[in-house]
Asker: 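Quick one: structure below, then a few questions.
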Amino acid sequence: MKIKFLGAAREVTGSCFIIETDQVRFAVDCGMHQGGSDVEMRNWDIEAYHPSHIDFFVITHAHIDHSGLLPRMVQNGFKGPVYATEPTGDLLKILLLDSAHIQETEATSKIRRMQRYGKTEKIVPLYSTKNAEAVCPLIKTKRYNEPFFPADGIKANFKDAGHILGAAILELFVEENGAAIKLVFSGDIGRRHQLLMEDPVTISDADYLFMESTYGDRDHKGEEDSLNEMAEAIQYSYSRGEKIIIPAFAVERTQEMLYSLYLLDIKGKLPKDMPVYLDSPLAIKATEIFRRHHAYLDTDTQNILKKGEDPLDLPQLQFSSSTEQSMRINEMEGSAIVISASGMCNAGRIRHHLRHNLWRPGASIVFVGFQAQGTPGRKIIEGAKKIRIFNEDIAVKAKIWTIGGFSAHAGQSQLLDWLGHFQNKKMPVFLVHGEAGAQDTLAALIREKLGFDVAIPEYLEEITVKAGAKPEVLKRPPAVPPPVELTPLLADLKTKLDYLYSQLGNIQELPASRQVEFLELLKQASMNIDEIKIRDSNTRK
Ligand SMILES: [Zn+2]
Ligand SMILES: [Zn+2]
């Protein structure tokens, strides 16, 4: 059989592994590529997927980096079933629609921008709401430990990955020419002792393992510390009559935040007269899905539920679905907690809350999730003095808190521990879903401590896998990435700067307000150039 790596190869996003036997061609995961524009081009260039020749998909969990290209597959001729656990099926229905909505909005604003420049290029969204809706009837749900047979000679089984609601590790038994092989795809492995989720299930046997490595180079802080820090942030702003803004991903992190507030409430650390707003229609829908699938929550949570309590509810919790409700929060005086999306502050309602609170001394902005390079969230945690939101510079005067202990991913030692349960020491391990640095660190540790053979596949690499034989690399992508043409752009920038220099005298004769406007635009351009960190991009092999 052949396995092709179409994503999560020396990167975190775009998880997709296409498996081809003599009989059948199918894929594990169908993630969207997220990051720089070169990486995002892969979402458009889908020839390598051959969607109409994929018999079925098995999706490990609902995160967009594992599922976000399903509508694109349907748009291009995929018609087969999509297997997932029950909660994943429910979450996919809301997350894919939300993703389609984002694609459509982005395309519309791009068209408007082009029109303002007098251009009328044809711009279409990556996929539409209609494409996302077309995925829903294809979803077939299976429970954990309920083996299913998606094709002749293929048996699949989901096990609890302890990552987000319904997240699964996939055991795949493939029969070819009378011989059987067992492959394990880890999906994303959860952090142990996470609120709401069970610890990831360990597995002891496999012939081949495809394992995530997101935090291959570090461990997380303890959860007790994180809860205490959260209490400190609340106290800080409550005593100053200001708001606590928590940017959080709609699925899992938001619910974990609600649970944390519930725990703080029990400890008497959540002021009774302080309203808590959940201001994200997607997060409200996701919370409903968590409520529907009690069986997928951990034992601690189930015990609380059995007592008749709801750890996702608080007496002072208020949902704001409509835009009017959301706007009312900002008109209100006094302290409150606001949980809103997006988690990295680059889209959604959170931007309004930042605009109203970032500049207020005494307010708190509490970051509880990963902030990717280039996002406003990353700029704030790296100490930016001001942030541009809705074309307006907002000073950062609020207290910024970064609480790292809420990750949904296993840290380095937990990954090693999980892998240590496999008994077959001859099992080749393929590290996926990680940035190069984290993967290299983890690979070295695995070889040294556990003695497994480790490979780190490249994007578009293809391997053959046979029972009892070592895997062979069939195709490697060209070692040198295609050259990026920077010279014309740099020359263009230089011409523009020269022109501005030559016009300096004229500019100084303009009214002061116009000059300030120029100054702001130039400052912004200069900040953008500062962001080009040449050393960083060199270290990414
Ligand atoms: Zn995930
Ligand atoms: Zn992931």
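All ligand and atom numbering here is 1-based and tracks the order in the structure.
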Asker: Check Asp65 and report its N/O/S atom nearest to the Zn ion (ligand 2), by atom name.
Answerer: OD2
Asker: Under 6.0 Å from the NZ atom of Lys425, do we count more than 12 heavy atoms belonging to anything else shown?
Answerer: yes
Asker: Suppose you place the vertex at the Zn ion (ligand 2); what is the angle out to His433 NE2 and His66 NE2, to 10°?
Answerer: 100°
Asker: Looking only at N, O or S atoms, find the one in Asp188 nearest to the Zn ion (ligand 1) and name it.
Answerer: OD2
Asker: Determine the interplanar angle of the His33 and Tyr49 rings, folded into 0 to 90°, and report it as parallel if under 30°, tilted if 30 to 60°, perpendicular if over 60°.
Answerer: perpendicular
Asker: Among the N/O/S atoms of His61, which is closest to the Zn ion (ligand 1)? Give the atom name.
Answerer: NE2
Asker: Could you label the plane-to-plane angle of the Phe57 and Phe78 rings as parallel, tilted or perpendicular, counting under 30° as parallel and over 60° as perpendicular?
Answerer: perpendicular
Asker: Examine the side chains of Gln439 and Ser213 and answer whether a donor and an acceptor come within less than 3.5 Å of each other.
Answerer: yes
Asker: Could you tell me how the ring of Phe430 sits relative to the ring of Phe5: parallel (under 30°), tilted (30 to 60°) or perpendicular (over 60°)?
Answerer: tilted
Asker: Among the N, O or S atoms of His63, which one sits nearest to the Zn ion (ligand 1)?
Answerer: ND1
